[in-house]
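Reckoned from all heavy atoms, side chains included, excluding hydrogens, waters and symmetry mates. Counting convention: from 1, in listed order, for ligands and their atoms alike.
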Amino acid sequence: MTHHPIVPLDPTGDALHDLTREATAFLTDWLSELPASPASDYRDTARLTALLRRPPGDDPGHLGDLLDTFRQAAGQGVNTAGPGYLAYFPAGGLVSSVLAEMLAQAANRFTGVAQTAPALVAMEHGVLTWLAARFGLPPGSGGLVTTGASPANLSALVAARHARLGEDARDGTLYVTEHTHLSIAKAARIAGLPGRGVRVVPSTPDLRMDVAAAARMIEADRAAGLRPFLLAGTAGTTSTGTVDPLPELARLARAHDLWFHVDAAYGGGFQLTRRGRATLTGIGEADSIAFDPHKSLFLPYGTGVLLVRDPALLHAAHAADGQYLQDIGQIGDLPDFGHLGVELTREFRGLRLWLPLHLHGVRAFEEALDEKLDQATLVHRELAADPRLDVPWEPDLTVVVFRPRGGDEAGRELLARINATRRVYLSSTTLGGRFYLRLCVLSVRTRPSHVRLALDTIRTTLDHLTPTP
Ligand SMILES: *Cc1c(COP(=O)(O)O)cnc(C)c1O
């Protein structure tokens, strides 16, 4: 016996209207409660994780109950959508992109090749070529919207391997630093390169790739019969947001005929700002750029971008053919995204970018990112002025690392206590063998009042920290 309407598999009319109304009411409530929600919450986690593994029943459920379950589950753990989230790389998640996602999935057109949805592919391609131009890549550049920077780094590496090494990658070497994101080494492993091929170039005391050391390693490796093929610079490292010396790295890569990849997963969005362009100078010299709009364009998780100077090389490394694709032809100069990356079938990911950019306008992003740069400058200034803290590096972008003068144990204690307030949530990293707390201002929802709250919370927690003997 059911007291609620059964939702048909393909609802139309009133049933559809009721369904979407209930979902949007849920969305509105959820977002309005977000600022007051705890920055992290594990109080009900044990009960809920046990309860929620229940398999689906044969009989229909009730949408209201199911949404309530989702609300409880989504409230557990770290509140990555909320304004107090200052760990890793916060973005918030623009609602315009959420709506775009719903509409794109409802249209459910096939964008793996241009022929089945040429105008949608053109919309996505337009965003990619606009981004490429903003980075200073030449006309004719292109790329792919991925689910994140990890697959973007992978496809860039595979394109570089294919273009520079051909079939036999055994003696190939690529150059990173200890601050390079783990996804590059992971990509090398997936791409079939031996672990010894990932060469870790020393960093300078300001945490940037040592260009002279990189040049010496490349020359020594080549003299030893190895085949250097890729130099990976980072525009905003994960630990400290530091930007490698991109113009010098570009010159080094050219001089040695290496593919120059720039991992701008975090830093890329700042290219829309004047200060960011100055910091990222040289990025337009890259052969490929990975960028995460789910970081510095405030989008929800699941949106990465790969940009390449020569899309033909990306195509050559990924394209394959099958008899079942024999009806598919080329449409003008539109790309077939299914031949540029790992996926064939994919959602129309372009609308997630296209709708927010066109709806809000590019200036809104520039201003919001400028606000983040200002906020990070403020955080750095205030923390550096506190005699109890050691704050060794000025931020290139919006990541500030700091440690209490008491040492690593005091640092861990400070982080645990700050996060236990549930007002803000920070993370940590290790640099030069030492523990650092790490604060990143990047969420669209983190406004000046939340930054002041974070600074207050850090200071008050320090006041109560037991001094280490
Ligand atoms: C976040 C990040 C990545 C990985 O990106 P995902 O979107 O998590 O796959 C790669 N490189 C850098 C520099 C990052 O900050």
Donor-acceptor pair between [X] and [Y] side chains, under 3.5 angstrom:
{"X": "His179", "Y": "Thr177", "answer": "no"}
{"X": "Arg438", "Y": "Thr429", "answer": "no"}
{"X": "Thr303", "Y": "His294", "answer": "no"}
{"X": "Ser239", "Y": "Tyr436", "answer": "no"}

Quick one: does Asp408's side chain have a donor or acceptor within less than 3.5 Å of a partner on Phe435's backbone?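 Answer holds: yes.
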Residues lining ligand 1 [heavy-atom distance under 4.0 Å, listed by chain and residue number]: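 Contacting ligand 1 under 4.0 Å are Phe89, Gly148, Ala149, Ser150, Asn153, His181, Ser183, Gly236, Thr238, Asp263, Ala265, Asp292, His294, Lys295.
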Note: Glu124-Arg346 ion pair, threshold 4.0 Å (strictly below):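 Judged by the 4.0 Å cut-off on N to carboxylate O distance, Glu124 and Arg346 do form a salt bridge.
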